[in-house]
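Structure, as structure tokens:
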Amino acid sequence: MVNDWDIAMNSLSKITVISNPNNEPVTISGDADDLKCTGVGTDAAVFQSLIAPTFAFKKYAEDKIAKVKVEANVYRLLGDSPFFSTCFAAYDEYLVLSYEEGKTLFDCILQGIHIPEQVINDVEDAREYVRTKGLNPRDIHLKNILLQNGRAKILDVSEYILPGNDFRWEHLKKGYQQYYHLIDGNSVPFWLVETIRKWYNQRNKSSSYEEFIKFIGNFLYKK
């Protein structure tokens, strides 16, 4: 059986995704003229096929391919939802997903694009929906949320089978409520956003949101 996305298979085989230590984004090796990289994470990279543009292909690093089946099963459990992409198929190294238009909240902050409160409400509703499916909404951060026609679309559901709360979303929501008005409509330098992201990932996990905010405040004040 020939699928609409099969036309991209040969090009995907020319791309290798390599994971990096310390929770850093993957490295991409190889090239294909008809593929556009639309995002990178710590386990995988996402590509849009220019000849089959309605599809996105999430290709995992070779040492992370066990997550392909895991994420495909999460999508199966989530079913049809406006909050998430559609997963059409899973292969050895990659998922075939619906291509979703929009900018990540990370890019919105860099470019000074307004993030409406509706996005925050949508993520809250999405997290509640995930729980009704017996899953655990984790790993929700600026690079995993798209602003799509004023609403939220959440990317990367691979950690929803893991236990515990990583508090990433809770901290983001609190930061939005307390401080977003200070930068709303203004572009924030990449080096600053990326530095804060790295510090957050490297922080002592026992430290509180308030302690991290105080640390950032001290840094900015010194600057």
Exercise. Does Y200 have R197 sitting over its ring (NZ/CZ under 6.0 Å from centre, angle to axis within 45°)?
Worked result: no
Problem set entry | E93 with K64: basic N within carboxylate O range, under 4.0 Å | no
For this session: Check A56 against V46 and note the closest heavy-atom contact, atom names and distance.
Result: CB-CG1, 3.9 Å
Exercise. Are the side chain of D156 and the backbone N or O of S158 linked by a donor-acceptor pair below 3.5 Å?
Worked result: yes
Exercise. Can you name the closest pair of heavy atoms from V119 and L105 and give their distance?
Worked result: CG1-CD1, 4.1 Å
Problem set entry | Under 3.5 Å: donor-acceptor pair, side chain of S98, backbone of T86 | yes
Exercise. Are F190 and L142 connected in a single hydrophobic cluster, I mean Ile/Leu/Val/Met/Phe/Trp/Tyr linked by side-chain heavy atoms less than 4.5 Å apart?
Worked result: yes
Exercise. Between F219 and W199, is the gap from one ring center to the other below 6.0 Å?
Worked result: yes
Problem set entry | Any side-chain heavy-atom pair of I196 and F212 under 4.5 Å | yes
For this session: For D34 and I51, indicate whether the former's side chain and the latter's backbone hold a donor-acceptor pair under 3.5 Å.
Result: no
Exercise. If you draw the axis of the six-membered ring of F106, does the NZ or CZ of K143 fall within 45° of it and under 6.0 Å from the ring centre?
Worked result: yes
Problem set entry | Working for side-chain contact (heavy atoms from CB on, under 4.5 Å), residues K103 and I113 | CA-CA 9 Å; K103 293 185 180 295; I113 297 171; 3.3 Å; yes
For this session: Report yes or no: do I161 and Y60 belong to one cluster of Ile/Leu/Val/Met/Phe/Trp/Tyr joined by side chain heavy-atom distances under 4.5 Å?
Result: yes
Exercise. With hydrophobic residues grouped by side-chain heavy-atom distances under 4.5 Å, do L110 and I216 end up in a single group?
Worked result: yes
For this session: Give, for atom CG of L78 and atom NZ of K133, the distance between the pair rounded to the nearest 0.5 Å.
Result: 8.0 Å
Exercise. Can we say D139 and R168 salt-bridge, meaning some charged N sits less than 4.0 Å from an Asp/Glu carboxylate O?
Worked result: yes
Problem set entry | Shortest non-hydrogen contact from D6 toward N3 | OD2-N, 2.7 Å
Exercise. CD1 of I7: more than 12 outside heavy atoms within 6.0 angstrom?
Worked result: no
Exercise. Taking all non-hydrogen atoms of both residues, which atom of S19 and which atom of T42 are closest, and how far apart?
Worked result: CB-O, 4.3 Å
Exercise. Do I15 and S29 have side-chain heavy atoms sitting under 4.5 Å apart?
Worked result: no
Exercise. Does any non-hydrogen side-chain atom of F167 lie less than 4.5 Å from one of K174?
Worked result: no
Exercise. Should V96 and Y94 count as side-chain neighbours, where that means a heavy-atom distance under 4.5 Å?
Worked result: yes
Exercise. Taking side chain as C-beta onward, heavy atoms only, is V74 less than 4.5 Å from L135?
Worked result: yes
Exercise. Should K173 and E170 be marked as a side-chain contact (heavy atoms from CB on, under 4.5 Å) after you check the CA-CA gap, both sets of side-chain angles, and the distance that decides it?
Worked result: CA-CA 5 Å; K173 179 183 176 183; E170 283 85 350; 5.8 Å; no
Exercise. Is it the case that more than 12 heavy atoms not belonging to E117 sit under 6.0 Å from its CD atom?
Worked result: no
Problem set entry | Side-chain heavy-atom pair R131, P137 within 4.5 angstrom cut-off | yes
Problem set entry | Candidate pair Y160 and E71, rule side-chain contact (heavy atoms from CB on, under 4.5 Å), full reasoning | CA-CA 8 Å; Y160 288 12; E71 189 166 6; over 6 Å; no
Exercise. Between the side chain of Q148 and the main-chain N/O of E101, is any donor-acceptor distance below 3.5 Å?
Worked result: yes
Exercise. Does the cation-pi check pass for K153 over F83, that is, NZ or CZ under 6.0 Å from the six-membered ring centre and within 45° of its axis?
Worked result: no
Problem set entry | Atom pair CG (N20) and OG1 (T27), whose distance is rounded to the nearest 0.5 Å | 3.5 Å
Problem set entry | Whether Y180 side chain and I115 backbone form a donor-acceptor pair below 3.5 Å | yes
Exercise. In terms of side-chain heavy atoms, does T104 have a donor or acceptor partner in N144 at a distance below 3.5 Å?
Worked result: no
Problem set entry | Hydrophobic cluster identity match, I154 and V40, side-chain contacts under 4.5 Å | no
Exercise. Just by distance, do the side chain of Y209 and the backbone of L172 share a donor-acceptor pair under 3.5 Å?
Worked result: no
For this session: Could you check Y99, F47, F88 and say which one makes a ring pair (Phe, Tyr, Trp, His ring centres under 6.0 Å) with F55?
Result: F88
Exercise. Side-chain heavy atoms under 4.5 angstrom apart, residues restricted to Ile, Leu, Val, Met, Phe, Trp, Tyr: same cluster for L77 and Y129?
Worked result: yes
Exercise. Above 12 or not: heavy atoms from other molecules or residues under 6.0 Å from CG of N165?
Worked result: yes
Exercise. Could you state the interatomic distance from CG (L95) to OG (S85), rounded to the nearest 0.5 Å?
Worked result: 10.0 Å
Exercise. Taking atom CG of N186 as the centre, does the number of heavy atoms from other residues, nucleotides or ligands within less than 6.0 Å exceed 12?
Worked result: yes
Exercise. So, D184 versus H181: side-chain donor-acceptor pair below 3.5 Å or not?
Worked result: no
Exercise. Between E211 and K214, is there a side-chain N and carboxylate O pair less than 4.0 Å apart?
Worked result: no
Exercise. Measuring from R138:CZ to R127:CZ, what's the distance to the nearest 0.5 Å?
Worked result: 10.5 Å
Exercise. Does V70 offer a backbone N or O that forms a donor-acceptor pair with the side chain of N73 under 3.5 Å?
Worked result: no
Problem set entry | Distance in Å, L12 CG paired with W5 CH2, rounded so as to fall on 0.5 Å steps | 12.5 Å
For this session: Evaluate side-chain contact (heavy atoms from CB on, under 4.5 Å) for T16 paired with I28, printing each intermediate quantity in order.
Result: CA-CA 6 Å; T16 300; I28 300 169; over 6 Å; no
For this session: Give a yes or no on whether the backbone of K36 and the side-chain of Q48 come within a donor-acceptor separation of less than 3.5 Å.
Result: no
Exercise. Considering all heavy atoms of both residues, which atom of K59 and which atom of S13 are nearest to each other, and what is their separation?
Worked result: NZ-CA, 4.2 Å
Problem set entry | Distance, nearest 0.5 Å, that separates CZ of F84 from CG of L97 | 13.0 Å
Seminar exercise, completed: Shortest non-hydrogen pair, V123 vs A152, comes out as CG2-CB, 4.0 Å
For this session: Answer yes or no: are there more than 12 heavy-atom neighbours, outside D92 itself, under 6.0 Å from its atom CG?
Result: no
